[in-house]
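Just below is one structure, and these are the notes that go with it.
Here is how names work: the chains are called A, B, and so on, in the same order as the sequence lines, proteins then strands, and each is numbered from 1.
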2 protein chains.
Amino acid sequence: MVALRDVAAAAGVHPSTASRALNPAMRYLVADPVVARVQEVASRLGYRPNAVAMSLRTGRSRLIGALVPGIANPVFAPILAGAAEVLSSAGYALMVADPGDDNGRAAEFVEQLAARGADGLLLATASLRDDPALAACRARNIPAVLVNRGSEGMSSVVSDDRGGMALAVAHLLQLGHRRIALIAGPAQLSTGLRRSEGFEEALRAQGLAPDPALQEITAAYTREAGERAAARLIARHSDVTALSCANDLLALGAYDACRRAGLRIPEDISVTGHNDMPMVDLIEPPLTTVRIPHGEMGRQAAGLLLDRIGHGGGASDVVLPSALVVRGSTAAPRPTAPGAAPAARSARRRGPARPGHPEG
Amino acid sequence: MVALRDVAAAAGVHPSTASRALNPAMRYLVADPVVARVQEVASRLGYRPNAVAMSLRTGRSRLIGALVPGIANPVFAPILAGAAEVLSSAGYALMVADPGDDNGRAAEFVEQLAARGADGLLLATASLRDDPALAACRARNIPAVLVNRGSEGMSSVVSDDRGGMALAVAHLLQLGHRRIALIAGPAQLSTGLRRSEGFEEALRAQGLAPDPALQEITAAYTREAGERAAARLIARHSDVTALSCANDLLALGAYDACRRAGLRIPEDISVTGHNDMPMVDLIEPPLTTVRIPHGEMGRQAAGLLLDRIGHGGGASDVVLPSALVVRGSTAAPRPTAPGAAPAARSARRRGPARPGHPEG
DNA sequence: GAACCCCATACAATCGATTGCAAGAGCTTC
DNA sequence: GAAGCTCTTGCAATCGATTGTATGGGGTTC
């Protein structure tokens with residue numbers, strides 16, 4: 001391995017001179033012919049600066065850590081990809097740690113990333129309150145940005161959870177639905193909480209009072225939890241004509257429950273999701289859902305983090321707009337009168353496709 | 001930030017003694033009461049060893065780099081997740097770089113990871129021959145393991161591409177199909193090449209000669225490429241009763257082409273995929289495909305890499321078995337006689353569900 | 001021609017931990 | 001009681017790059 005001292009020796013200068021010659025910001029201190037000679041020697045020898053030594057000396061590593069609950073998660077993976085794109089083009093490397101849902105492990109990972117000299121952290125795992133990972137960041141004074149999660153006093157990039165949910169509910173209301181049930185996400189996650197708020201706001205905006213009996217709060221964003229919640233709602237409230245789900249996986253679970261209960265979507269019951277994750281445009285019926293700009297969230301979060309590392313500014317929050325994507329899982333409710341004609345089945349709406357992913 | 005020297009000072013010993021007291025492998029050199037005192041002081045002060053300094057001195061970083069073409073890719077994300085799991089429980093951190101399809105960028109990333117002192121590399125991007133990233137690994141003498149890609153003289157973990165493809169074709173043959181077309185993957189990827197070989201092998205095993213006219217080689221594993229290839233095959237060869245695709249995304253493209261051509265799946269034409277990526281059990285009709293143990297591939301690759309770092313053994317190849325998952329996109333071909341009765345439509349097979357992912 | 005200044009370069013300390021070697025203390029053994 | 005041994009601890013070099021300070025040479029100015 002060729003080190004700076006080798007380059008310096010080969011160029012007949014002191015290592016400090018070689019260092020300055022190779023560093024654009026310090027180059028003005030070195031005479032031009034010497035700069036040229038050093039550069040030539042460096043490239044001839046294939047010199048690559050040792051990033052570890054550089055980190056040790058300067059205290060900066062050009063390394064960003066990311067904490068995600070599930071690398072393969074269809075929501076967080078594109079966020080990570082967006083962030084990686086921005087970071088690598090700024091010369092930063094990305095270290096990924098996946099603590100799953102374990103808050104303790106998350107804090108442990110923060111310590112480890114700190115020990116490795118990470119310049120900043122992207123946190124996609126923060127709970128709403130008392131997040132140990134967040135506390136660890138504050139304690140070690142590491143710049144951090146939250147993604148897809150909000151929390152007080154820390155920069156964050158989120159989508160408009162409240163507004164997105166309201167969009168979905170407004171769509172259902174406009175179709176004529178009045179008894180709309182909510183399958184909510186975990187209340188300790190900001191997405192769960194805010195989407196519930198958006199649900200209630202949209203109802204109130206139409207002068208309707210939210211009925212607590214029509215809300216099921218799930219413990220996790222999983223298909224199974226969605227199925228259980230939907231099954232309970234369907235069993236207890238036969239007058240419900242629409243299920244508004246805080247997340248696509250919950251909606252898929254709702255599909256399962258409806259199928260099992262013999263309810264057709266959207267003829268008998270409408271279903272909406274949230275996130276527009278890959279492939280939901282291809283399921284039967286294609287899911288009406290709220291599209292979130294995942295890649296953009298990752299990019300903005302990375303940008304925000306680099307800003308904070310560079311200029312050290314205060315906390316700022318970015319809220320990205322979400323958009324309703326109407327596909328085939330929503331339709332007008334059937335007339336309530338018994339024996340009424342069933343809704344027309346023809347010409348099911350397929351809706352816009354999602355942008356695709358290449359695969360291996 | 002509390003350093004080793006602070007711990008040593010507080011414990012009244014020399015830093016070297018503190019170092020030995022805190023290192024299990026060197027602890028035998030230090031008297032027990034001193035060990036206890038140093039440990040107590042270290043934990044009281046919240047001492048965390050500086051991994052950067054440690055790397056610089058020892059030359060080992062406990063850091064593994066991973067190169068993937070698309071972090072959000074439904075194939076590579078679970079591989080990454082599996083690898084991350086094994087690595088982090090072995091005390092290693094994971095650095096991810098995403099060069100996309102750019103071979104030059106991949107080599108550049110290898111250099112960068114080397115400069116950061118990565119102890120080993122996981123390569124999911126290697127082309128079949130003359131991969132610059134691979135060459136860079138060899139040049140810098142960094143242990144590397146290929147995942148989901150094979151290449152001569154380098155350890156690799158792949159699924160049984162040949163056998164998996166043969167499984168799918170055998171299934172079609174057994175259903176009675178004889179004119180089976182292949183939508184092949186890129187020939188410079190080992191998956192593309194081996195799956196094509198598996199396709200031909202399965203035909204020959206039945207005494208059938210592969211017809212080159214029934215093979216379309218795509219330039220990339222994308223839905224669009226699949227659609228184009230399928231459209232061409234359908235237009236030119238009306239006697240084809242089944243499309244065997246080298247990858248699920250290609251199969252989704254084939255769905256698009258069939259839909260556009262007015263062909264029903266599986267009544268008019270059968271389609272098979274490869275990979276069993278998330279959600280393909282939910283599309284209409286549910287896709288018959290070959291399941292690959294992605295997570296296991298990542299875990300095994302990580303394990304293999306750690307072995308090579310530890311004991312420095314030679315190259316070894318792991319081939320994991322794939323399994324056919326029969327769902328609703330395959331059925332017996334219609335009798336060729338014109339005017340024959342269409343295949344029964346009832347009781348469409350839904351097939352086994354995929355294991356789910358939690359979502360955010 | 002002496003004083004001064006500036007430019008270019010070298011010197012040496014530093015970041016934090018590890019580790020080969022030296023040295024002191026305490027013990028045994030003859 | 002001296003030599004030798006073991007056990008424990010300290011010393012100092014080292015990994016590779018950066019950077020504040022010192023120093024030398026060359027030019028300018030009066």
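The separation between A:L29 atom CG and C:dC6 atom P is 15 Å, rounded to whole Å.
In this structure, B:R48 pairs ionically with A:E108, as a charged nitrogen and a carboxylate oxygen lie closer than 4.0 Å.
Residue-level contact check: B:V13 touches the backbone only, with heavy atoms under 4.0 Å from sugar-phosphate atoms and none from bases.
A:A144 meets the side chain to side chain contact (heavy atoms under 4.5 Å, CB included) test with A:L121, A:L123, A:C137, A:M154; sequence neighbours excluded. By the side chain to side chain contact (heavy atoms under 4.5 Å, CB included) test, A:A31 pairs with A:P33, A:V34, sequence neighbours left out. In this structure, the side chain to side chain donor-acceptor pair (under 3.5 Å) partners of B:R116, at least two apart in sequence or on a different chain, are B:Q112. Applying the salt bridge (Lys or Arg N to Asp or Glu O under 4.0 Å) rule to A:R44 yields the partners A:E40; only residues at least two apart in sequence or on another chain are considered. Not a single side chain to side chain donor-acceptor pair (under 3.5 Å) links B:R57 to another residue, sequence neighbours left out. Residues satisfying the side chain to side chain donor-acceptor pair (under 3.5 Å) criterion with B:S61, sequence neighbours excluded, are B:D119. Taking the side chain to side chain donor-acceptor pair (under 3.5 Å) definition, one finds that B:S156 meets it with B:D317, sequence neighbours left out. For B:D6, the side chain to side chain contact (heavy atoms under 4.5 Å, CB included) partners are B:V2, B:A3, not counting sequence neighbours.
Where DNA chain D meets chain B (any atom under 4.0 Å from a heavy atom), the bounding nucleotides read 5' to 3' are D:dT8 to D:dG16.
In the helix from C:dG1-D:dC30 to C:dC30-D:dG1, the rotation axis of the first five pairs and that of the last five pairs differ in direction by 60°, rounded to 10 degrees.
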Quick one: side chains of residues 297-310 of chain A, donor-acceptor pairs under 3.5 Å with protein atoms, not counting sequence neighbours, listed by atom name and distance.
| unit_1 | atom_1 | unit_2 | atom_2 | d |
| --- | --- | --- | --- | --- |
| A:R299 | NE | A:E296 | OE1 | 3.2 |
| A:R299 | NH1 | A:E85 | OE1 | 3.4 |
| A:R299 | NH2 | A:E296 | OE1 | 3.2 |
| A:Q300 | NE2 | A:E296 | OE2 | 3.1 |
| A:R308 | NE | A:G313 | O | 3.3 |
| A:R308 | NH2 | A:G313 | O | 3.4 |

Margin query: Each nucleotide in nucleotides 19-25 of chain C should get exactly one letter: B, S or -. Can you fill that in based on protein heavy atoms under 4.0 Å?
Written below: BB-----

